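Notes follow the structure.
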Amino acid sequence: MNESIQNEERTPSRKRDHVDLCVGEDVTFRGKTTGLEKYELLHNALPEMNPEDVDTRVTFLGKHSTLPLIINSMTGGYEEAERINRELAEVCQEIGIPLGLGSQRQAMESGRFHESWRVARRAAPSIPIFGNIGAPEIAKGVETGTIQKLVELIEADGFAVHLNPLQELMQPEGNPEFRGVLSGIERLARELPVPIIVKEVGAGLSADVVQRLLDVGVRHIDISGAGGTSWSGVELLRSPLRESDNPFWDWGIPTAEAVAEARPLCEEAGATLIASGGISSSRDVAISIALGANIAASARPMLQTLMAGGQQSLTHLLREWERHLRYMMFLVGAKTVAALRNAPLRRI
Ligand SMILES: Cc1cc2nc3c(=O)[nH]c(=O)nc-3n(C[C@H](O)[C@H](O)[C@H](O)COP(=O)(O)O)c2cc1C
């Protein structure tokens, strides 16, 4: 078989494995947490406002979001992904929050599952939606025109590039070739008509990496830190090696630390800072914003809720997060998400 036919078959089955393992197995970090639990918002008994004064809206990729929360990049490119993306998109449209779609590598290889991405925009005409591709494709020198077609497929407002060297290393069929990624990102940031988001997938972006991305013109950074889904863990479960002592399950920079370190750099550059990796409660959203994020993002917790209880459960969960976030903002006297970013934190 030639390489492209092999890939055409492997990519859908890998994306199916990822969803199945993320839903059915415990793939969270084992000996490391996000660090968000080490902080608490400082209670303010004189908020000098009423609960209805709270405004949770933010702007993301030029559009409104009713909450500072994104459902982060997950899937596309195999049969069932169409239903998952449609259902996620419908919930996002109802709540009014952004949606990231999963890697569109398979869409470059074949037209067979294009509908699994296209469905999102059809289901959610007005929310911010962004596409996705992995760094190895950038290293291979993918043309801007090819990425532009992926953007058009979903009428995207932005396009995410994921940096996942650890995942590629652990992935049985992975491709950890990262030479030339930064200059490829620089070219995309310059040539693509929509903003580029650069994200990790749960091992975190260090301050140095964030600075290098800002230096080449990236203005949307998702640090996607450690403490939530371990992508090394997911790939180790797929690996035939069955290693007994693998030091990489817990590899990575905890989300809280990555956000705090990226904050001054992003502020200086006027860039949007996204906090993800283990965001699994309204409290995580609030703390990550008080640490410096402009918006938070959650992936596996959203998928698990959808798969366990359907759209009703996910909508219910998001409404609950919205209500609790409002209460928290009231209790620290923050009328806006911008004010929440400056709310005092206590270390506990
Ligand atoms: C089932 C699943 C599939 C994912 N696929 C992608 C992907 O295709 N591209 C990407 O950038 N990130 C992907 N991710 C990573 C998430 O966007 C996120 O960075 C990571 O899971 C950490 O967030 P979490 O702890 O909320 O899951 C995926 C996550 C899940 C749960």
Side-chain angles (χ1 to χ4, degrees), residues 11-12 14-29 32-36 69-78 80-81 84-85 88 98-108 113 116-117 120 130-138 150 154 158-168 171 174 196-205 220-235 237-238 250 252-256 258-259 274-281 284-285 288 293 295-307 317 321:
T11 310
R14 180 173 57 248
K15 293 307 282 181
R16 183 179 308 111
D17 284 358
H18 286 165
V19 166
D20 290 350
L21 288 167
C22 283
V23 171
E25 301 288 332
D26 181 4
V27 290
T28 47
F29 277 69
K32 187 178 268 178
T33 60
T34 60
L36 296 168
L69 180 71
I70 300 164
I71 295 192
N72 219 350
S73 313
M74 281 188 275
T75 202
Y78 72 102
E80 214 208 339
I84 297 174
N85 278 342
L88 289 173
L99 174 66
L101 297 180
S103 169
Q104 293 174 270
R105 172 177 162 183
Q106 202 275 335
M108 287 165 39
F113 297 113
S116 67
W117 289 279
F130 52 95
N132 188 288
I133 201 74
E137 302 308 307
I138 307 294
L150 300 180
I154 54 174
F159 193 83
V161 174
H162 63 264
L163 306 180
N164 62 340
L166 170 65
Q167 184 192 7
E168 295 289 342
Q171 191 172 97
I196 288 282
I197 301 162
V198 178
K199 69 189 286 292
E200 235 287 348
V201 299
L205 301 178
H220 293 78
I221 306 260
D222 177 355
I223 55 83
S224 206
T229 309
S230 165
W231 275 94
S232 176
V234 174
E235 300 299 351
L237 292 182
R238 294 179 66 239
D250 275 346
I253 308 162
T255 297
V259 170
I274 303 164
S276 82
I279 300 293
S280 48
S281 65
D284 288 340
V285 174
S288 66
I295 188 165
S298 178
R300 182 166 171 259
M302 302 286 114
L303 181 70
Q304 284 187 307
T305 305
L306 179 76
M307 297 305 249
L317 180 79
W321 285 22

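Scope of the values below: all heavy atoms of this structure, side chains included, with no hydrogens, waters or symmetry mates. These figures come from a predicted structure and were not determined experimentally. All ligand and atom numbering here is 1-based and tracks the order in the structure.
Heavy atoms of Gly277 come nearer than 4.0 angstrom to ligand 1 in at least one pair. At least one heavy atom of Val201 sits closer than 4.0 Å to an atom of ligand 1. Residue contacts with ligand 1: Met302 is excluded, as none of its non-hydrogen atoms falls under 4.0 Å.
Here the rule is side-chain contact (heavy atoms from CB on, under 4.5 Å) with Ser298, and of Ile279, Leu303, Thr305 only Ile279 fits it. None of Met74, Arg300, Met307 except one satisfies the side-chain contact (heavy atoms from CB on, under 4.5 Å) rule with Val19; the exception is Met307. The residue from Asn72, Leu205, Ile295, Val198 that alone fulfils the side-chain contact (heavy atoms from CB on, under 4.5 Å) condition with Asp222 is Asn72.
Atoms of ligand 1 lying under 4.0 Å from at least one heavy atom of His162, given by number and element, are 9 (N), 10 (C), 11 (O). Here is the list of ligand 1 atoms found below 4.0 Å of a heavy atom in Gly228: 25 (O). Counting the atoms of ligand 1 from 1 in the order shown, those under 4.0 Å from a heavy atom of Gly102 are 8 (O). For ligand 1, the atoms lying closer than 4.0 Å to a non-hydrogen atom of Glu200 are 19 (O). The contact set between ligand 1 and Pro301, taken as ligand atoms under 4.0 Å from a residue heavy atom, comprises 26 (O). Interface atoms of ligand 1 facing Asn72, defined by a heavy-atom separation under 4.0 Å, are 17 (O).
Scanning the protein for heavy atoms near atom 12 (N) of ligand 1, the closest one is Lys199 NZ, 3.0 Å. Among all protein heavy atoms, the one lying closest to atom 13 (C) of ligand 1 is Ser73 O, 3.1 Å. At the shortest separation from atom 3 (C) of ligand 1 among protein heavy atoms lies Met74 O, 3.3 Å. Considering only non-hydrogen protein atoms, atom 25 (O) of ligand 1 sits nearest to Gly278 N, 2.8 Å. Counting only heavy atoms of the protein, atom 29 (C) of ligand 1 lies nearest to Trp231 CZ2, 3.2 Å. Nearest non-hydrogen protein atom to atom 9 (N) of ligand 1 is Asn132 OD1, 3.2 Å. The protein heavy-atom contact nearest to atom 26 (O) of ligand 1 is Ala299 N, 2.9 Å.
To the nearest 0.5 Å, atom CG of residue Leu163 and atom CD1 of residue Ile138 are 9.0 Å apart. For the atom pair CD of Gln171 and CH2 of Trp231, the computed distance is 9.0 Å after rounding to the nearest 0.5 Å.
Ligand 1 has an N or O atom lying under 3.5 Å from an N or O atom of Ser103, backbone or side chain. Taking distance alone, with nitrogen or oxygen atoms compared against 3.5 Å, Thr229 approaches ligand 1 more closely than that limit.
Side chains of Phe159 and Leu150 form a contact here, defined as non-hydrogen atoms less than 4.5 Å apart. For the pair His162 and Pro136, the minimum side-chain heavy-atom distance is 4.5 Å or more. For the pair Thr75/Glu80, no side-chain contact is recorded, criterion being any heavy-atom separation below 4.5 Å from C-beta on. Counting only heavy atoms from C-beta outward, the side chains of Leu101 and Asn132 never approach each other to under 4.5 Å. Looking only at side-chain heavy atoms (C-beta outward), Ser232 and Phe29 stay at 4.5 Å or farther from each other. Lys15 is listed as a side-chain neighbour of Ser103, based on a closest heavy-atom distance under 4.5 Å. The closest side-chain heavy-atom distance from Arg105 to Ile133 is below 4.5 Å. Within the 4.5 Å cutoff, the side chain of Trp117 has heavy atoms near those of the Gln106 side chain.
Residue contacts with ligand 1 for Ser224 involve side-chain atoms from C-beta outward but no N, CA, C or O (heavy atoms, distance under 4.0 Å). When non-hydrogen atoms are compared, ligand 1 lies under 4.0 Å from the side chain of Leu303 (C-beta onward) but not from its backbone. With a 4.0 Å cut-off on non-hydrogen atoms, Ser280 does not touch ligand 1 at all.
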